Amino acid sequence: GQQLNQSPQSMFIQEGEDVSMNCTSSSIFNTWLWYKQEPGEGPVLLIALYKAGELTSNGRLTAQFGITRKDSFLNISASIPSDVGIYFCAGPTYNYGQNFVFGPGTRLSVLP
Amino acid sequence: DARVTQTPRHKVTEMGQEVTMRCQPILGHNTVFWYRQTMMQGLELLAYFRNRAPLDDSGMPKDRFSAEMPDATLATLKIQPSEPRDSAVYFCASGFLPDGTSGGAAKTQYFGPGTRLLVL
């Protein structure tokens, strides 16, 4: 089945730094979603992308839908301590179930 | 502020006991998903409902797990009998897929806070 890979698996950065992470797939996706999960909570949708090449921002977050449709990128500018969490990418599969597949996540730690 | 709600938030039980987890999707949503999250496997889809009808439960161990939607405001996930390997966080998510839409899953999914299950 379709699988997503995310890199890096984890990262430690200083407050104020910019962050970049990416998500790749061996299959083409027509939607990319980026979620953030904080400890003890469910994933929260950050950004949804629906078109190849699309660049969408949500505050300090910017995500791009790769031209090949096999990857997506998430950038966080001027990180703050509350950015700590696990960032997941997800996309819909086209198996008969039409469900979503999630990447393994990038764990972000922000040092003050 | 519409949210997916899940109960209970935490559950500790002994092996062999029945566990029932409940989910109230966001009002107006017509798709409901059950996921299991573990450190080793990440987020795994267990079951998927559209308009209360089960469309995909291939990720669910059939012998002990069952998922139902008695009505549009309630989805349940049951484990009977529970085993220690079932210990995980179980998330419910809901979304909206217009009727008549062919292909493509609900554009977005909104997750509940999860039920943390520990089977001793």
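In the text below, chain A, chain B and the rest are named by the order of the sequence lines, each starting its count at 1. Treat the numbers as computed from the prediction; the structure is a model and nothing was measured.
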* To do: Could you tell me which portion of Gln37(B) (side chain, backbone, both or neither) has an atom closer than 4.5 angstrom to a non-hydrogen atom of chain A?
  => side chain
* Same hydrophobic cluster for Phe65(A) and Ile47(A), using side-chain heavy-atom links shorter than 4.5 Å among ILVMFWY? -> yes
* Asked: Shared ILVMFWY cluster between Phe33(B) and Phe91(B), side chains joined below 4.5 angstrom?
  -> yes
* Joint hydrophobic cluster, Val44(A) plus Trp34(B), side-chain heavy atoms closer than 4.5 Å -> no
* To do: Tell me, yes or no, whether the heavy-atom count around Arg64(B) atom CZ, taken from other residues, nucleotides or ligands under 6.0 Å, exceeds 12.
  => yes
* **Single-linkage hydrophobic cluster, 4.5 Å side-chain cutoff, Leu46(B) and Val89(B) together** => no
* Co-membership, hydrophobic cluster, residues Met60(B) and Tyr48(B), 4.5 Å side-chain -> no
* Structure fact -> Within residues 34-41 of chain A, contacts to chain B at heavy-atom distances under 4.5 Å involve Tyr35(A), Gln37(A), Gly40(A), Glu41(A)
* Asked: Between Cys92(B), Ala93(B), Pro113(B), Gly114(B), which residue shows the highest count of heavy-atom pairs closer than 4.5 Å to chain A?
  -> Pro113(B)
* Which other residues belong to the hydrophobic cluster containing Leu120(B), where Ile, Leu, Val, Met, Phe, Trp and Tyr are joined when side-chain heavy atoms lie under 4.5 Å apart, directly or via other members? -> Val12(B), Leu118(B)
* Atom CZ of Phe73(A) with >12 non-hydrogen neighbours under 6.0 angstrom -> yes
* Toward chain B, the part of Pro43(A) with a non-hydrogen atom under 4.5 Å -> both
* Asked: Can the ring centroids of Phe102(A) and Phe111(B) be said to lie less than 6.0 angstrom from one another?
  -> yes
